[in-house]
Amino acid sequence: MARTAANDRPQAALASPEASRIEDDRETVIVADRVTAGYENRRAKTRLIALRDVSLEIRRGEFLAIVGPSGCGKSTFINMIAGFLKPLEGTMTVDGKPVRGTGADRAMVFQDYALLPWRTVERNVQFAMENRGNRPSKAEQAERVAEALGLVGLTGFEKAYPHELSGGMRQRVGIARALVTKPAILLMDEPFGAVDAMTREAMQAEFERIISQTRQTVIFITHSIDEAVMLGDRVAVISNRPGTIKEVVDVDLPRPRLEGDAKSSPRFAELREHIWSLLQDEALGAKEAK
Amino acid sequence: MTSTRTTAATAAADEAGANQIGGSKVVEDLKISRFAPFRNTVITIVNLTLFFTAWEIVARAELVNPLFFPRITDTFEAIYTGFRDGVIGPELQHSVSNLLIGLVISAAIGIPVGLFMGASKTADLLLSPYVWAMTSLPRVALIPLLILIMGFGNQMQLTIIVLSAVFPIMVNCMAGVKTVDPSLLRAGRVFGTNSFQMYVKIIFPFTLPFVISGINQGIARGLVGMLIGELLGGGGAGLGFLLDRAGDRFDAPMLYATLLLLAVMSVALVQLMRWLERRVAPWRDLPS
Ligand SMILES: Nc1ncnc2c1ncn2[C@@H]1O[C@H](COP(=O)(O)OP(=O)(O)OP(=O)(O)O)[C@@H](O)[C@H]1O
Ligand SMILES: [Mg+2]
């Protein structure tokens, strides 16, 4: 996968770190304005606040990585953008309109894959294209399914059922399903969580290449600080429950990073160190609170 | 079906080279003996033969009063002559067709109502007291009432079968809909299903195995209902009637012959459902 990546990319991006910085005049697509979110427990008559007062603006074509301790509300945040969950307070807008339910402009990769067990791999990927109006022709659907499966390295497994695949392979089916419609916004909840380190790196490279071409807006949750720094234009660090945004770190590393071996640059180490210490405070804070 | 799926995947994998890692094949052909599929059948035949032989020996030794425990050969003979003289045939047909009609009616009512109850909280709230009461009430208790309403005819026998089978089917369908994995529903919403598509593409396929196990329970309960109706309903037809009459006449071979037929009938139905289950839900990888 990785070997195809480098060829036809504009070389300008490599020139200086400045070139890869997010230009501030790019329009914002997703705006979270003092969003508070939580879950009701009717039996206990309580409400668990998962996120409090989160404000964040995400620009078109931006790659935002989100890191934070387990249970801090990362999935909750992404679920609000997807339209599964309404904020208790504040507003979440996409393209200037408050989010009301799901939409064709947003696709999601689920933390727990959410594949249909009774469908083969190719039919699972096809699922993304067959429900809404103006669906592509059968032939075009098949073509795009094959392409998407190629991207995630699952050619040859079209006819397999999810239960016949490993966890990482299932996760890649979920990624193919989200990529196949080329939605403007990609919501990814730990998409590479279940794949091994080598495959992960190859997929990151492939993914970076795809995004640089499609200019999709990506919200990407991960537990790996390295991954967040490697892929993100910015990294949002979320604090312990109730989650608030602790800091949004600008990642001023030139792209392409996976090809360009950004990992060995001193700046990468610096950023990683910085985010690490932010999260470490959180981990310690959690212990002290107990 | 399994074999075509595997070979297709294998061929494609070969093509892509994904099958080759360091020159060794990932998908290899299995060497399965031609006789492997018959192994279980052979074991079952030997098993049954031994069982019936033991039965014959015990019966001939008259360890038990032959009035309660006839020889198996006499029992088989009773089956043979019963069919030959037209004693069993019509009764068997009566029972089987009643049971099948009853099951079809039960499924036709139980599946949609169960699905509806699973999907609508209001329907669940309003209907569930009755459904649960009817599910747990012993069927026999209804016989006097049904006789009062419908007399001794076939209608009453059919009704008791339906009343026996419909509730397990309903309850299972309801449980199926309620346990649909919420993240599958989310996937449905993200990828744009309307509520009809959600039902057809996610909720119903997820519920299908529950529907089938509901029908399985429905068969078991329906059989009981069928016998109760025939034994106590006094309709003068069916395997239950045969049992009743053989008992009255101290005709032990005929009694055992009828029991044997009932056992064969229920095993056949359950096997049919198991086969169906594997056909409609291959992803569940059920043990065969
Ligand atoms: N459906 C739900 N009902 C009730 N509480 C929930 C629900 N989903 C999440 N929570 C609670 O909200 C909090 C945040 O959950 P969330 O799934 O957003 O965490 P997360 O940051 O994605 O964690 P992880 O990294 O482990 O996936 C958790 O404390 C969890 O207990
Ligand atoms: Mg999560």
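So that the names make sense, note that chain A is the first sequence line, chain B the second, and so on, each numbered from 1. Heavy atoms only: backbone and side chains are in, while hydrogens, waters and symmetry mates are out.
Annotation: side chain of Arg186(B) is not in contact with side chain of Thr102(A) (no heavy-atom distance under 4.5 Å). You'll find the side chain of Asn194(B) stays beyond 4.5 Å of the side chain of Asn131(A), heavy atoms only. Residues Phe84(A) and Val190(B) have side chains in contact (heavy-atom distance under 4.5 Å, counting atoms from C-beta outward). Residues Phe191(B) and Val180(A) form no side-chain contact, since every pair of their non-hydrogen atoms from C-beta on lies 4.5 Å or further apart. With contacts defined as side-chain heavy-atom distances shorter than 4.5 Å, the pair Lys201(B)/Glu130(A) qualifies.
Residue contact with chain B, scored on non-hydrogen atoms closer than 4.5 Å, involves the backbone and the side chain of Phe127(A) alike. Residue Leu208(B) does not touch chain A at all, counting heavy-atom pairs closer than 4.5 Å. At a 4.5 Å heavy-atom cutoff, Arg123(A) makes no contact with chain B through either its backbone or its side chain. Neither the backbone nor the side chain of Ala104(A) comes within contact range of chain B, judged by heavy atoms closer than 4.5 Å. For Arg106(A), the part sitting under 4.5 Å from any heavy atom of chain B is the backbone (N, CA, C, O) and nothing else. Interface residue Arg177(A): backbone and side-chain heavy atoms are both found under 4.5 Å from chain B.
In plain terms, the two heavy atoms of Ala187(B) and Ala114(A) that are nearest each other are CB-O, 3.8 Å.
Other residues, nucleotides and ligands contribute more than 12 heavy atoms inside 6.0 Å of the CZ atom of Arg135(A). The environment of Tyr39(A) atom OH is dense: over 12 non-hydrogen atoms of other residues, nucleotides or ligands sit within 6.0 angstrom. Within a 6.0 Å radius of OH in Tyr199(B), other residues, nucleotides and ligands contribute more than 12 heavy atoms.
Proximity to chain B among residues 183-191 of chain A is not found for any residue, judged by heavy-atom separations below 4.5 angstrom. Annotation: residues 158-180 of chain B contacts chain A through no residue [non-hydrogen atoms, separation under 4.5 Å].
Options Leu185(B), Asp181(B), Thr193(B) differ in how many heavy-atom pairs under 4.5 Å they form with chain A, and the most are formed by Thr193(B).
A donor-acceptor contact closer than 3.5 angstrom links the side chains of Asp112(A) and Ser183(B).
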